[in-house]
*Asks:* 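Handing you this structure, nothing more for now.
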There are 2 protein chains.
Amino acid sequence: MDETRWLDAEEQQTWRAFLWTSRLLTEALERRLQQEAGLPHAYYMILAMLSEAPDRTLTMSDLARVVRSSASRLSHAVARLEEAGWVRRAKHPGDRRTTLAVLTDAGFAVLAEAAPGHVEAVREHLFDPLTREQVRQLRGCLESVLSSLDPDGEARDVLPAGPPS
Amino acid sequence: MDETRWLDAEEQQTWRAFLWTSRLLTEALERRLQQEAGLPHAYYMILAMLSEAPDRTLTMSDLARVVRSSASRLSHAVARLEEAGWVRRAKHPGDRRTTLAVLTDAGFAVLAEAAPGHVEAVREHLFDPLTREQVRQLRGCLESVLSSLDPDGEARDVLPAGPPS
DNA sequence: GTTCAAAACTTGAGCTTTCAAGTTCCGCCG
DNA sequence: CGGCGGAACTTGAAAGCTCAAGTTTTGAAC
């Protein structure tokens, strides 16, 4: 029997708008990062998250958590970044299983170079088209969706200055 | 000079919420499609868009437009789908450059099998956590962003369509 | 004080996507 | 009608991601 609750017209349009928006936005940012810094967004995020960490250092596990990556993907990515000299691996004193990823000065320089353009692109493509009120609404929607997708609140620990809710 | 307008706290939170939400949502849908139909979302979309086209047929160019894919990516993907027997290529009568992609009955069957679970996942993860009012707001935000990212309105020609998505 | 499951990574193979050519074909300009 | 630029695809190699093992180390149970 066909018990499926299909999407109504409004939902359908919203869903496709979401797909298009997130794809176009991603493409725009990816393109910009690629031409200004020659790295994919995922790699940029690794550098960015390291730069915010104490000593510009995180364990692979923690880094995986904050960039929302699998252990495997991260390991491959850090290998690339290490070849490029942006990141280096170090031993964790006290637990020989865990390895530390450290942002090098060269890596920080690349990030500093890329960041302004990236932020500008985010502003231009996401925030400029929205009114102040819409930004507020969007954030509310995202947080609702997020708390359902992420019941354990892994995101809350990472999002800067999360709401008290 | 440091002319960069960085993101303020609210924008920062909104932006990261967007990243997390779209990633978690994508992962959830991808996982579900993978286990129920064994295909990635991009491939699912190809089948879905073909199923809505007259004669379940589109030129590669048009198909690329509606699934927002590069010509190359689509060509590779259709090659895979053709091996699986879900899609077949045909010659265009009248223009020998263009090739047509046709959804086969087997392909339609796979889609029909996968669609309910997929729609259910979209509903569960995106719409259920939102109030009716929030859906309206979200759609407004997305359309604002979209019209800036897509000034030529390529999306508009594609968005109003029937189920399933 | 051994054993053992689980934690933290890494590795390699397979699949998808991107990038840069390459091919064939249409339509137009002169 | 003869080029010729551009359109519509395809192809192959390189890059990135996923998946399934495999390694080493830890902590805890017995």
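Just so we're on the same page: letters track the sequence lines, and every chain starts at 1. No experiment lies behind these values; they were computed from the predicted model shown.
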*Asks:* Going from CG on B/L19 to OG on A/S22, what distance comes out if it is rounded to the nearest 0.5 angstrom?
*Replies:* 10.5 Å
*Asks:* On DNA chain D, check which nucleotide each of A/A42 and A/R96 is closest to and give me the residue with the more 5' one.
*Replies:* A/A42
*Asks:* Looking only at side-chain atoms of B/R97, point me to the closest of D/dT18, D/dA7, D/dC9.
*Replies:* D/dA7
*Asks:* Any chance you could measure A/E124, atom CD, to A/L29, atom CG, to the nearest 0.5 Å?
*Replies:* 9.5 Å
*Asks:* Would you indicate what B/R31 reaches in the nucleic acid, counting non-hydrogen atoms under 4.0 angstrom: base, sugar-phosphate, or nothing?
*Replies:* nothing
*Asks:* Which nucleotide span of DNA chain C, 5' end to 3' end, has atoms closer than 4.0 Å to non-hydrogen atoms of chain B?
*Replies:* C/dT16 to C/dC26
*Asks:* Quick one: on DNA chain C, does A/Q34 or A/T98 contact a more 5' nucleotide (nearest heavy atom)?
*Replies:* A/T98
*Asks:* Is a side-chain N or O of A/T104 found less than 3.5 angstrom from the main chain of A/G85, in a donor-acceptor match?
*Replies:* yes
*Asks:* Tell me if a side-chain donor or acceptor on B/S69 pairs with a main-chain N or O of B/V67 at a distance below 3.5 Å.
*Replies:* no
*Asks:* Using the test salt bridge (Lys or Arg N to Asp or Glu O under 4.0 Å), find all partners of A/E30 that sit at least two apart in sequence or belong to another chain.
*Replies:* none
*Asks:* Assess whether a salt bridge exists between B/R132 and A/D8, defined as any Lys/Arg side-chain N lying under 4.0 Å from an Asp/Glu carboxylate O.
*Replies:* yes
*Asks:* Within residues 72-87 of chain B, which residues have any heavy atom lying less than 4.0 Å from an atom of DNA chain D?
*Replies:* B/S72, B/S75, B/H76
*Asks:* Rounded to whole Å, please give me the gap between CD in B/E30 and C1' in D/dC19.
*Replies:* 14 Å
*Asks:* Could you check whether any side-chain N or O of B/R23 sits under 3.5 Å from a backbone N or O of A/R68, counting only pairs where one atom can act as donor and the other as acceptor?
*Replies:* yes
*Asks:* Measure the distance from CZ on B/R65 to P on D/dA8 and round it to the nearest whole Å.
*Replies:* 7 Å
*Asks:* Between D/dG16 atom C1' and A/H41 atom NE2, what is the distance in whole Å?
*Replies:* 15 Å
*Asks:* Please evaluate residues B/E120 and B/R123 with respect to the criterion salt bridge (charged side-chain N to carboxylate O under 4.0 Å, His left out), reporting the C-alpha separation (whole Å), side-chain torsions for both, the decisive distance (0.1 Å), and the verdict.
*Replies:* CA-CA 5 Å; B/E120 189 182 300; B/R123 184 177 289 293; over 6 Å; no
*Asks:* Between A/M45 (CE) and D/dG16 (C1'), how many Å, whole number?
*Replies:* 17 Å
*Asks:* Counting any heavy atom closer than 4.0 Å, what does B/S69 reach on the DNA or RNA strands: base, sugar-phosphate only, or nothing?
*Replies:* nothing
*Asks:* Check for me whether B/R80 meets the cation-pi criterion with B/Y43, that is, NZ or CZ under 6.0 Å from the six-membered ring centre and within 45 degrees of the ring axis.
*Replies:* no
